[in-house]
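Numbered from 1 within each chain, the chains take letters A, B, ... in sequence-line order.
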2 protein chains.
Amino acid sequence: MNSQAPTLAVSTVIFALRATDSDEATPGTLWLPLVRRIREPFEGRWALPGGPIGGDESLADAAARNLLETTSLTSRYLEQLYAFGTVDRSPSQRVVSIVYWALVRPDEAERAAESENVRWFAADDLPSLAFDHNTIVEYALWRLRNKMEYSRIAHAFLGERFTLTQLREVYEAVLRKPLDPANFRRQIESTKSVVATDERLAGGRHRPPRLYRYNESFDLADNGPLPVL
Amino acid sequence: MNSQAPTLAVSTVIFALRATDSDEATPGTLWLPLVRRIREPFEGRWALPGGPIGGDESLADAAARNLLETTSLTSRYLEQLYAFGTVDRSPSQRVVSIVYWALVRPDEAERAAESENVRWFAADDLPSLAFDHNTIVEYALWRLRNKMEYSRIAHAFLGERFTLTQLREVYEAVLRKPLDPANFRRQIESTKSVVATDERLAGGRHRPPRLYRYNESFDLADNGPLPVL
DNA sequence: ATCAGTTCAAGTCAATTGCACCTTTACTCG
DNA sequence: CGAGTAAAGGTGCAATTGACTTGAACTGAT
């Protein structure tokens, strides 16, 4: 029996929407940045960004800091996913990982410049990752898709102003199914989660769509009485 | 800056339904067992049962073991709630608590004999607890009530066989609102989550209700692709 | 043995919601 | 100015929900 105290760490699954490189017309697919491990175990393999928890920071703070340090990313949406702690998830050493998931907007995503040790991957087409990180990403994907249907987190993928078509395309990319534009419009408008501005987006070869913004006084996440992160 | 590694612990919020002592007719209210702290900090105050994680057990195993050791309770339903880790939640020492929540059936609940250091409390009427445990219970209550509406966890409060009225009383006790018996019956039957047996419950001064059992091939919790606990 | 009381069980109906499809409007580009 | 395109708004059907009603089955008391 190994009576050594487990090591505690935080990791983060980051999601962003990016246009598929080859085809500009496709609505966009779900991507996530991974970092290459530079030491054993799993040296050279891709893994979720993460690290230890500082003595003077909360768990969410630690997740955000590790995110910034390893990928230069910041996020407007960060939520705890799950604590993973089976005995065999890391060889030789017992590690308990408290995993967060984050949504970043396109402008924020630009900061995660690809390098030798940071690369974006399509969420549906990942390589074999270090530790149990494939399992973790799968669970995060399930949570994202689940939460997409009963909350308004989709907004965290977009910038300040957006059209309803752009918002719908976020849903379509994450849920991987087409949505009826008319019904989508009605549903979103009925929730009052967005506010119409009097601006419009010109440039397309069609009627210019109205730009919307978030309704600040609207709970996007629906996480109950959780202590503020 | 305190660079000491945080201490890791598991705690569990346990829910059970018990008839209100004074009035046998009331459908039952939500209760949870607490243990009295026998050392500083918060010596003498009531707290959630919990303890350290052994080197050879998973997080859920640790929660179940601590549950058994401190309250003699076992549970058929145990799910991770949240990891709490703000810096100031415990004085003098940095503690990260991975909290589980459990549902126990009436026959299981009997095992938690009240003693000097274990006592049942009504969920809506708790004293001031140790650490941030009041916050934790509040969040667990929110999760329970939330999950009650989209999953079939209510069954975890009942024994092998039960009437639809008993099942409805579970919902009424947890959600704190009366439900129409006829509509409730229709909804439950449409989900196929229960199977009618040909037994009936005799003894009441009325038409004997049919007994039902769980549908084993039905996912009660809807927790996605989480690794099996 | 009959009756009163209680609860199970099944059915009705109106209101609401969700979803598929259709029409009109307003703009850009050639 | 006309063709093309997507926004914006509307219509109707099907499924679901909630309030209510009715009849059946059983126990315990008279």
Side-chain angles (χ1 to χ4, degrees), chain A residues 19 23-28 145-146 148-152 154-155 158 161-173 175-213 215, chain B residues 19 23-28 145-146 148-152 154 158 161-213 215:
Chain A
D23 186 0
E24 188 65 32
T26 47
R145 291 183 170 131
N146 217 38
M148 205 76 166
E149 297 183 346
Y150 68 86
S151 76
R152 297 290 148 210
H155 299 168
L158 295 173
R161 318 256 144 166
F162 51 89
T163 70
L164 287 189
T165 296
Q166 288 170 340
L167 184 60
R168 176 170 49 83
E169 283 169 353
V170 172
Y171 278 85
E172 290 177 336
L175 300 178
R176 291 175 301 182
K177 65 179 177 187
L179 300 174
D180 184 286
N183 295 332
F184 180 81
R185 168 180 305 277
R186 244 187 331 185
Q187 284 174 15
I188 295 297
E189 283 176 342
S190 70
T191 64
K192 316 282 188 205
S193 62
V194 298
V195 180
T197 68
D198 44 8
E199 301 168 64
R200 287 166 188 276
L201 181 64
R205 54 166 54 184
H206 54 75
R207 174 175 173 175
R210 186 182 290 273
L211 284 169
Y212 291 77
R213 61 177 175 81
N215 183 352
Chain B
D23 185 2
E24 188 65 30
T26 48
R145 290 183 171 133
N146 217 37
M148 205 78 168
E149 298 184 347
Y150 67 85
S151 77
R152 299 287 148 215
L158 295 174
R161 317 254 145 168
F162 50 89
T163 69
L164 287 189
T165 297
Q166 288 171 342
L167 184 61
R168 175 170 49 82
E169 283 169 353
V170 172
Y171 277 86
E172 290 178 335
V174 173
L175 300 178
R176 291 175 302 182
K177 64 179 178 188
L179 300 173
D180 184 287
N183 295 334
F184 180 81
R185 167 179 306 276
R186 200 175 31 177
Q187 285 172 15
I188 294 297
E189 283 176 342
S190 70
T191 65
K192 317 279 190 208
S193 63
V194 298
V195 179
T197 70
D198 45 7
E199 300 168 63
R200 288 168 187 275
L201 181 63
R205 53 167 55 182
H206 51 74
R207 172 175 174 176
R210 185 184 290 273
L211 285 168
Y212 291 78
R213 59 176 176 81
N215 183 352

*State, with a plain yes or no, whether a side-chain heavy atom of B:Val194 is found less than 4.5 Å away from one of B:Arg152.*
no
*Give the nucleotide from the list D:dT5, C:dC8, D:dA8 with an atom nearest to the side chain of A:Tyr212.*
D:dA8
*Okay, side chain of A:Glu189, backbone of A:Arg186: is any donor-acceptor separation there less than 3.5 Å?*
no
_Can you measure A:Leu179 atom CG to C:dG18 atom P for me and round it to whole angstrom units?_
14 Å
*What is the distance, rounded to the nearest whole Å, between atom CD1 of B:Ile188 and atom P of D:dG18?*
12 Å
*Euclidean distance, atom CG of residue B:Asp180 to atom P of D:dT21 [Å, nearest integer]*: 12 Å
*Measure from CG on B:Asn183 to C1' on D:dT16 and round the result to the nearest Å.*
11 Å
*Grab the CZ-C1' distance between B:Phe184 and C:dA9 for me, whole Å please.*
14 Å
_What is the separation between atom CG on A:Leu164 and atom C1' on D:dG9, rounded to the nearest whole Å?_
13 Å
*By nearest nucleotide on DNA chain C, pick out whichever of A:Arg200 and B:Gln166 is the more 5' one.*
B:Gln166
*Return the value, rounded to whole Å, for the distance between atom CG of A:Leu201 and atom P of C:dT28.*
11 Å
*Heavy-atom pair of closest approach, residues B:Arg161 and B:Thr197*: NH1-CG2, 3.4 Å
*asked:* Base, sugar-phosphate or nothing for A:Arg186? Non-hydrogen atoms, less than 4.0 Å.
replied: base
*Atom CD of A:Glu189 and atom P of D:dG10: how far apart are they, to the nearest Å?*
11 Å
*Could you grab the distance from atom CZ of B:Arg213 to atom CG of B:Asn215, nearest 0.5 Å is fine?*
7.5 Å
*Counting only side-chain N and O atoms of A:Arg185, is one of them less than 4.0 Å from OP1 or OP2 of D:dG10?*
no
*Can you find a donor-acceptor pair, distance only, under 3.5 Å between B:Arg207 side chain and C:dC8 base?*
yes
*Check whether any side-chain nitrogen or oxygen of B:Gln187 sits under 4.0 Å from OP1 or OP2 of D:dT16, and answer yes or no.*
no
*Just how far is it from atom CG of B:Leu164 to atom OH of B:Tyr212, taken to the nearest 0.5 Å?*
4.0 Å
